Amino acid sequence: MAKIFCVANQKGGVGKTTTTVNLAAGLAKVGQRVLMIDLDPQGNATMGSGVDKRKLELTVYDVLLESASVKEAATRAEKCGYDVLGANRELAGAEVELVALDHRERRLKTALAEVAGDYDFVLIDCPPSLSMLTLNGLCSAHGVIVPMQCEYFALEGLTDLVNTIKQVHANLNADLQIIGLLRVMFDPRITLQQQVSEQLKSHFGDKVFNTVIPRNVRLAEAPSYGLPGVVFDPAAKGSQAFVEFATEMVERIRNM
Ligand code: ADP
Ligand code: MG
């Protein structure tokens, strides 16, 4: 049965999408069956997997409004080795449309039950907000992966996210836990980053993943080719780190 993870952090530009597509590609590379879900109306994870968001007939929007199943709406990202349930701007409307509907926060969870046997991992790229879309992600998931940059304000933002996750855990999804904090865009030459990294470890202990994702320009270049870095340039330091992270995730779910 698939283990489902949200990649979430309500801050924008912290590396959620980069983490989602590269972890998906890394997991595919080590033999896992993966579905990547784009829950952000910007559709960056869709485009970054080589799927043209403007040409999609069915997206996660249709799944949330129950006009399509996950099987009908998902497409194969051939070069990447995983399936994509894509998103485009239409998804922004779902936020409003869902409000009037029953079980509005459980729509994605219900839809995913049907494909749980088809995948080992489902990864959900969340938008930079704690919105109804993110709530659908959190209600569906077994765990949350939180990418963060080791900067001073990173810790502040974490409090809101941790509180939201606690509330969802208490009221909506008793399975939900923070699987781990992933240090991304890390530059070991910057003393502050080392300090924040140490603080994270002393505060959150083994909730901090062992793998550290370095700042690496190849990861930033890859989306313009419609590929995750892991596929675009497998030899790059950042790509290797994501494959290492995929292996760490496979280990973690063994103990879940
Ligand atoms: P989010 O989804 O949280 O908004 P993104 O994954 O889109 O964040 O990343 C924000 C920007 O940082 C993008 O331009 C991306 O290419 C770049 N980026 C992300 N991770 C790295 C990294 N490890 N090294 C260099 N650039 C990165
Ligand atoms: Mg994003």
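This structure is a prediction, so every number in the text was calculated from the model and none was measured. Quick note: numbers below take in every heavy atom, side chains included, and nothing from hydrogens, waters or symmetry partners.
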Return each pair, listed once, that meets side chain to side chain donor-acceptor pair (under 3.5 Å) where at least one residue sits in residues 43-53; pairs must be two or more places apart or across chains.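 Sorted pair list: Asp38-Thr46, Ser49-Tyr82, Asp52-Arg54.
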If you count heavy atoms of other groups shown closer than 6.0 angstrom to CZ of Arg89, is the number above 12?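 At most 12 heavy atoms, drawn from other residues, nucleotides or ligands, come within 6.0 Å of this atom.
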Over 12 foreign heavy atoms within 6.0 Å of NZ, Lys207: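 Correct, the count exceeds 12.
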Kindly indicate, with the supporting measurements, whether the criterion side chain to side chain contact (heavy atoms under 4.5 Å, CB included) is fulfilled by Ile179 and Met256. CA-CA 10 Å; Ile179 298 299; Met256 267 176 86; 3.9 Å; yes
Under a plain distance cut-off of 3.5 Å, with no hydrogens placed, do [Y] and [X] share a side-chain donor-acceptor pair?
X	Y	value
Asp83	Tyr119	yes
Ser129	Gln10	no
Thr17	Asp125	yes

Donor-acceptor check, side chain of [X] to backbone of [Y], threshold 3.5 angstrom: yes or no?
X	Y	result
Thr19	Gly15	yes
Asn171	Gln167	yes
Gln193	Asp187	yes
Asn216	Gly238	yes

Gap between atom [atom2] of [Y] and atom [atom1] of [X] - 0.5 Å precision:
X	Y	atom1	atom2	result
Asp118	Met1	CG	CE	10.0 Å
Asn9	Asp160	CG	CG	10.0 Å
Leu27	Gln32	CG	CD	6.0 Å
Asn173	His142	CG	NE2	8.0 Å
Met132	Glu95	CE	CD	7.0 Å
Leu161	Ile178	CG	CD1	5.5 Å

I'd like to check the side chain to side chain contact (heavy atoms under 4.5 Å, CB included) partners of Tyr225; sequence neighbours left out, ordered by chain and number.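 Phe232.
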Taking 4.0 angstrom as the limit, do Asp233 and Arg218 come out as a salt bridge?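 Arg218 and Asp233: salt-bridged.
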If we check side-chain contact (heavy atoms from CB on, under 4.5 Å) with Leu35, which of these qualifies: Val84, Val70, Asp120?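 Among Val84, Val70, Asp120, the one that satisfies the side-chain contact (heavy atoms from CB on, under 4.5 Å) with Leu35 is Val70.
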Go through it in stages, so that I can follow the logic: the residues are Asn22 and Phe245, the test is side chain to side chain contact (heavy atoms under 4.5 Å, CB included), and I'd like the CA-CA distance, side-chain angles, deciding distance and then a yes or no. CA-CA 9 Å; Asn22 281 285; Phe245 179 45; over 6 Å; no
